[in-house]
There are 2 protein chains.
Amino acid sequence: MNLNTVSPAPEPAQVATRTQILEAAGEVFASVGFRDATVREICARAGVNIAAVNYHFGDKETLYLEVLRYSAAQAHAQYPPLLNVSPAAPAEERLRAFLHSWLLRTFSRGATAWHGQLISREMVDPTGALDEIVRDKILPMSQQLRGIVGEILGRPPGDEQVRLCTLSIVGQCVFYHHCRPVLTRLFPQQPPLDTLGTERLADHITRFSLAAMRHLTDPATT
Amino acid sequence: MNLNTVSPAPEPAQVATRTQILEAAGEVFASVGFRDATVREICARAGVNIAAVNYHFGDKETLYLEVLRYSAAQAHAQYPPLLNVSPAAPAEERLRAFLHSWLLRTFSRGATAWHGQLISREMVDPTGALDEIVRDKILPMSQQLRGIVGEILGRPPGDEQVRLCTLSIVGQCVFYHHCRPVLTRLFPQQPPLDTLGTERLADHITRFSLAAMRHLTDPATT
DNA sequence: AGATGATTCAAACAACTGTTTGACAAGTCA
DNA sequence: TGACTTGTCAAACAGTTGTTTGAATCATCT
């Protein structure tokens, strides 16, 4: 069992309350975290009995794990790493697509929106689920981005420069999502990131990072 | 009352258990978060009675706020924003000092180490204390960095380019701290960031960001 | 129809939480 | 000394939590 295989896939009869619980739990876990989320609140929102969670998922913790798998599958299905850009496209173009897809995924509203929140929480306060997430989702994306960066820098993917630059790029993306509560307080006049905003933001990060990588080894740089 | 004034400063008689609680609470809050931290655990670690928290701080929540103020004061006293670099130094040098100080502050061990953890948690899952933190600590540092970036870019601090670049720089710093659990899983062979590591990392972020800002508007950039 | 198994439900359970209580000790000032 | 404040302590309180229980309902198949 891993994050790439959506769990058992039960018969249509039981699927109703099961997914209702998954959706409700996604909302609640994302907004208040695992510990502050109560089974009662989840069940109330799902319109099912309190005992349903334990009946269908065993306990609260495995429900949380299932929600993580469920949201991961949805998010990555809706926004694949390179969007609609060909893997044969120039590295610069793939970089822009990668970043835009990332921002869309983490900033999307609705069902896939939990995913970003859940992952953020998982990073600062890991549960047992983080190992699975890193193995099945983050590591592959990390390797993909390192390939792109390696092409741009003209160095092998295992190179230390490539690794550092990759992290500098990802860091910018993660930051906007993790620190949203801070950013909205720092810039109250700034509107929240909508679809148009993510495209502009992806453009800035791409240009910033490309300029950095192209001139990182300039002799002029201190 | 704000984050810059360390609370009442009681007489030496009562100060003992009070600071014992603060230190113990700092450890516990930082490692498991506000909700998962129990007053019993904190008091046990501090070697005081359970009722001591309510007697000295009123309730758990104001204890948390006091811990935040306490750790903020310690962290910023130990690592001032520009370290020992003069405010009259060149912008590039101030940028490097700012980033190095930031990394030292958030990655320091011991007493000031809680601060970074607490702030990280506060960003992903804000309590009522975040407003105070942003107002007293983050906003001034943000303005300081925007001044430096503005100088480098040759634009006013309120400029949109300056704002975006500032965030791109801070994002890289925050990322390494927020996502440490992920990074240690992605690169198990990589040693944890010690004093030597933070200097090398500050150097990379400085060079990366300087190269980016100097060539952000190059016509060659896509 | 009748039996079987799956699912739902209200109610209760046991454990843990932050907080309060009232007694007790220690120091302070008249 | 004696009243008074301050601090500490064990014990209990009231509320919330995840989980379990056993009966009731539903669907399915012989």
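Below, read A as the first sequence line, B as the second, and so on, with proteins coming before strands; counting in each chain starts at 1.
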> Between D:dT20 atom P and A:Phe57 atom CZ, what is the distance in whole Å?
Replying inline: 16 Å

>> Less than 4.0 angstrom between a side-chain N/O of A:Thr17 and OP1 or OP2 of C:dT7, yes or no?
In response: no

> Quick one: ring-ring contact (aromatic ring centres under 6.0 Å, His included) partners of A:Phe208, sequence neighbours excluded?
Replying inline: A:His204

>> Which is more 5' along DNA chain C, the nucleotide nearest A:Ala52 or the one nearest B:Ile50? Just name the residue.
In response: A:Ala52

> Does a donor on one side chain and an acceptor on the other come within less than 3.5 Å for B:Thr62 and B:Asp59?
Replying inline: yes

> If you look at every heavy atom in A:Ala202 and A:Leu103, which pair is closest and at what distance?
Replying inline: N-CD1, 3.6 Å

Every protein N/O within reach of nucleotides 16-18 of chain C N/O, cut-off under 3.5 Å:
from: C:dG18; atom 1: OP1; to: B:Ala37; atom 2: O; distance (Å): 3.1
from: C:dG18; atom 1: OP1; to: B:Val39; atom 2: N; distance (Å): 3.4
from: C:dG18; atom 1: OP1; to: B:Lys60; atom 2: NZ; distance (Å): 2.9
from: C:dG18; atom 1: OP2; to: B:Val39; atom 2: N; distance (Å): 3.1
from: C:dG18; atom 1: N7; to: B:Arg40; atom 2: NH1; distance (Å): 2.9
from: C:dG18; atom 1: O6; to: B:Arg40; atom 2: NH2; distance (Å): 3.1

> Between D:dG7 atom P and B:Tyr55 atom OH, what is the distance in whole Å?
Replying inline: 4 Å

>> If you compare every side-chain N and O of A:His56 against the phosphate oxygens of C:dT8 (OP1, OP2), does one of them come in below 4.0 Å?
In response: yes

> Taking CD1 from A:Ile21 and P from C:dT7, how many angstroms apart are they, rounded to a whole number?
Replying inline: 12 Å

> Is the distance from OP1 or OP2 of D:dG7 to the nearest side-chain N or O of B:Asn49 less than 4.0 Å?
Replying inline: no

> Does the side chain of A:Tyr176 come under 3.5 Å of the side chain of A:Gln172 through a donor N or O and an acceptor N or O?
Replying inline: no

> Can you check the A:Leu63 CG to D:dG18 P distance for me, whole Å?
Replying inline: 11 Å

> Any idea which heavy atoms bring B:Arg105 and B:Pro81 closest together, and the distance?
Replying inline: NH2-CA, 3.8 Å

>> Salt bridge check, B:Glu93 against B:Arg96: does any charged N sit closer than 4.0 Å to a carboxylate O?
In response: no

